[in-house]
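A quick write-up on the structure given underneath.
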2 protein chains.
Amino acid sequence: MQDIFREHIEKVIPLTDEEFAFVFSHFSYQRYKKRQYLIREDDHVEHAYFVVSGLLKLEYTDLSAKRHIVSFAMEDWWETDFMAYFNGTKATMSLQCIEDTDVLCLSLADYHKLCSGLKKMERFFLKKSNSGHIASQQRILSFLTSNAKERYDQLLQQYPSLFQRVPKTLLAAYLGISRETLSRLSY
Amino acid sequence: MQDIFREHIEKVIPLTDEEFAFVFSHFSYQRYKKRQYLIREDDHVEHAYFVVSGLLKLEYTDLSAKRHIVSFAMEDWWETDFMAYFNGTKATMSLQCIEDTDVLCLSLADYHKLCSGLKKMERFFLKKSNSGHIASQQRILSFLTSNAKERYDQLLQQYPSLFQRVPKTLLAAYLGISRETLSRLSY
DNA sequence: TGTAATCTGTGATGTTTGTCACACAACAAA
DNA sequence: TTTGTTGTGTGACAAACATCACAGATTACA
């Protein structure tokens with residue numbers, strides 16, 4: 001598990017053994033069961049999570065109680081309600097397990113300690129944040145340019161494994177279409 | 001103009017005069033006229049831009065030649081085709097003036113020099129990137145939760161000045177609806 | 001100053017997608 | 001097993017939105 005995590009970081013910045021030990025010491029390890037919540041709406045958001053194995057959904061519930069999936073988080077992803085995490089505000093989204101999931105947890109205090117203790121990590125998080133921003137922009141573009149069927153195809157092409165791992169109802173909630181429409185797409 | 005820029009940075013991290021001079025030395029100043037391009041599709045993307053004054057649009061043209069606005073960039077915003085900028089790939093989007101616009105330009109080489117020369121700036125860019133990511137997620141959420149009229153209202157509430165400054169055709173291209181539909185919304 | 005390009009509104013019409021309703025299968029928990 | 005919950009497909013209908021067409025107004029610029 002440390003290996004996966006170390007490799008993940010070293011894809012961006014090389015680390016000595018001591019440096020990695022320092023980095024790793026800021027995290028705690030947690031296992032969650034399917035359907036368990038890591039974050040509930042209105043919670044104080046303690047941690048950002050690195051997904052070691054499993055699958056999470058970041059979900060927003062609107063005024064009419066409809067649920068929308070902002071993001072899936074699979075192996076090798078970082079996830080949390082970032083707005084609440086960084087600003088210390090209450091969670092507007094929930095983070096819940098679709099499968100049993102193992103994560104590494106990083107508190108905001110430890111995040112800051114980590115960044116000041118090892119400047120390389122600031123670059124690491126900058127890189128991650130940049131890629132996240134770019135990925136979000138791509139998702140926005142797919143809303144602008146594509147209809148339901150096209151967005152569905154793009155999603156399957158990008159993350160083929162999702163098709164096996166999550167119910168179609170959730171894929172619909174991610175794509176912004178009704179489950180009925182999604183059901184009628186596959187011809 | 002330096003003042004605006006310095007204030008913008010000092011909202012996040014305080015700087016001494018020497019530090020600001022160091023930061024500023026990495027930028028070049030440019031003025032662009034309405035309709036001029038800062039980046040064209042397939043260009044090599046030389047710079048990221050800080051908008052001192054004016055208004056830009058970041059635009060993507062799809063296969064059927066329809067134009068979609070990924071983002072407006074007004075005073076105090078950073079903009080470029082970030083994917084192309086960071087990865088050194090060719091631009092997939094264009095960046096064009098809606099009004100006469102003054103910008104500060106930062107090459108990727110200077111960006112890296114700046115970050116290594118003054119570690120504070122890495123934190124600055126991390127903060128900016130995080131907010132950008134959060135903003136994109138909000139935009140995704142508005143696609144998931146809201147219809148055309150609601151998205152339009154949200155946009156006007158967030159950036160009332162856009163209503164005065166940009167033609168409705170462009171607002172429609174940002175909201176992902178046809179200009180005709182937008183025209184029929186305001187009742 | 002004149003000509004072209006852009007911007008905007010609006011009608012008519014068709015397509016896409018959502019909503020409601022129902023049925024049935026798969027699965028989980030007691 | 002039984003019973004509830006979740007997931008999926010499908011028909012009928014309504015709502016949202018796109019497209020095409022046209023017209024008048026405004027703006028760019030040579």
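No hydrogens, no waters, no symmetry mates; every other heavy atom, side chains included, goes into these values. Every chain is numbered from 1, with letters handed out A, B, ... down the list of sequences. Predicted model only: the values in this text are computed from it and were never measured.
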Look at the side-chain N and O atoms of A:Ser183 and state whether any lies under 4.0 Å from the OP1 or OP2 oxygen of D:dT10. no
What integer distance in Å separates B:Glu150:CD from C:dG18:P? 14 Å
Using whole Å, what does the distance between atom C1' of nucleotide D:dT27 and atom NZ of B:Lys168 come to? 17 Å
Encode nucleotides 16-21 of chain D as B, S and - characters from 5' to 3', where the letter depends on protein heavy atoms closer than 4.0 Å: B to the base, S only to sugar-phosphate, - to neither. -SBBBB
Can you list everything that forms a side chain to side chain donor-acceptor pair (under 3.5 Å) with B:Ser131? Sequence neighbours excluded, please. none
Can a salt bridge be assigned to the pair B:Asp100 and B:Lys33 using a cut-off of 4.0 Å between side-chain N and carboxylate O? yes
Rounded off to whole Å, could you give me the CD-to-P distance for the A:Gln96 and D:dT6 pair? 11 Å
Send over the distance from A:Ile98 CD1 to D:dG7 C1', rounded to a whole Å. 14 Å
When you compare the protein's N or O atoms with those of nucleotides 25-30 of chain C, which come within less than 3.5 Å of each other, and at what distance?
none

I'd like a table of donor-acceptor pairs (distance under 3.5 Å, sequence neighbours excluded) in which one partner is a side-chain atom from residues 157-164 of chain B, with atom names and distances.
none

Tell me whether the centres of the aromatic rings in B:Phe27 and B:Phe50 are closer together than 6.0 Å. no
Below 3.5 Å, can you tabulate the donor-acceptor pairs from side chains in residues 65-82 of chain B to any protein atom, sequence neighbours excluded?
unit_1, atom_1, unit_2, atom_2, d
B:Arg67, NH1, B:Glu59, OE1, 2.7
B:His68, ND1, A:Leu144, O, 3.3
B:His68, NE2, B:Asp62, OD2, 2.9
B:Ser71, OG, B:Glu79, OE1, 2.9
B:Glu75, OE1, B:Arg165, NH1, 3.3
B:Glu75, OE2, B:Gly54, N, 3.2
B:Glu75, OE2, B:Arg165, NH2, 3.1
B:Asp76, OD2, B:His8, ND1, 3.4
B:Asp76, OD2, B:Lys11, NZ, 3.3
B:Trp78, NE1, B:His8, NE2, 2.9
B:Thr80, OG1, B:His47, O, 2.8
B:Asp81, OD1, B:Met83, N, 3.4
B:Asp81, OD1, B:Ala84, N, 3.2
B:Asp81, OD2, B:Thr92, N, 2.9
B:Asp81, OD2, B:Thr92, OG1, 3.4
B:Asp81, OD2, B:Met93, N, 3.2

Report the distance from atom CZ of A:Arg67 to atom C1' of D:dG7, rounded to the nearest whole Å. 15 Å
Let me check something: any side-chain donor-acceptor pairs from residues 112-123 of chain A under 3.5 Å, sequence neighbours excluded? List them with distances.
unit_1, atom_1, unit_2, atom_2, d
A:His112, ND1, A:Leu108, O, 3.3
A:Ser116, OG, A:His112, O, 2.6
A:Lys120, NZ, A:Pro14, O, 2.9
A:Lys120, NZ, A:Glu19, OE1, 2.8
A:Lys120, NZ, A:Glu19, OE2, 3.3

Any carboxylate oxygen within less than 4.0 angstrom of a Lys/Arg side-chain nitrogen, looking at B:Lys90 and B:Asp42? no
Backbone N/O of A:Ile134 and side chain of A:Ser136: donor-acceptor pair under 3.5 Å: no
At less than 4.0 Å, is any side-chain N or O atom of A:Thr169 found next to OP1 or OP2 of D:dT8? Yes or no. yes
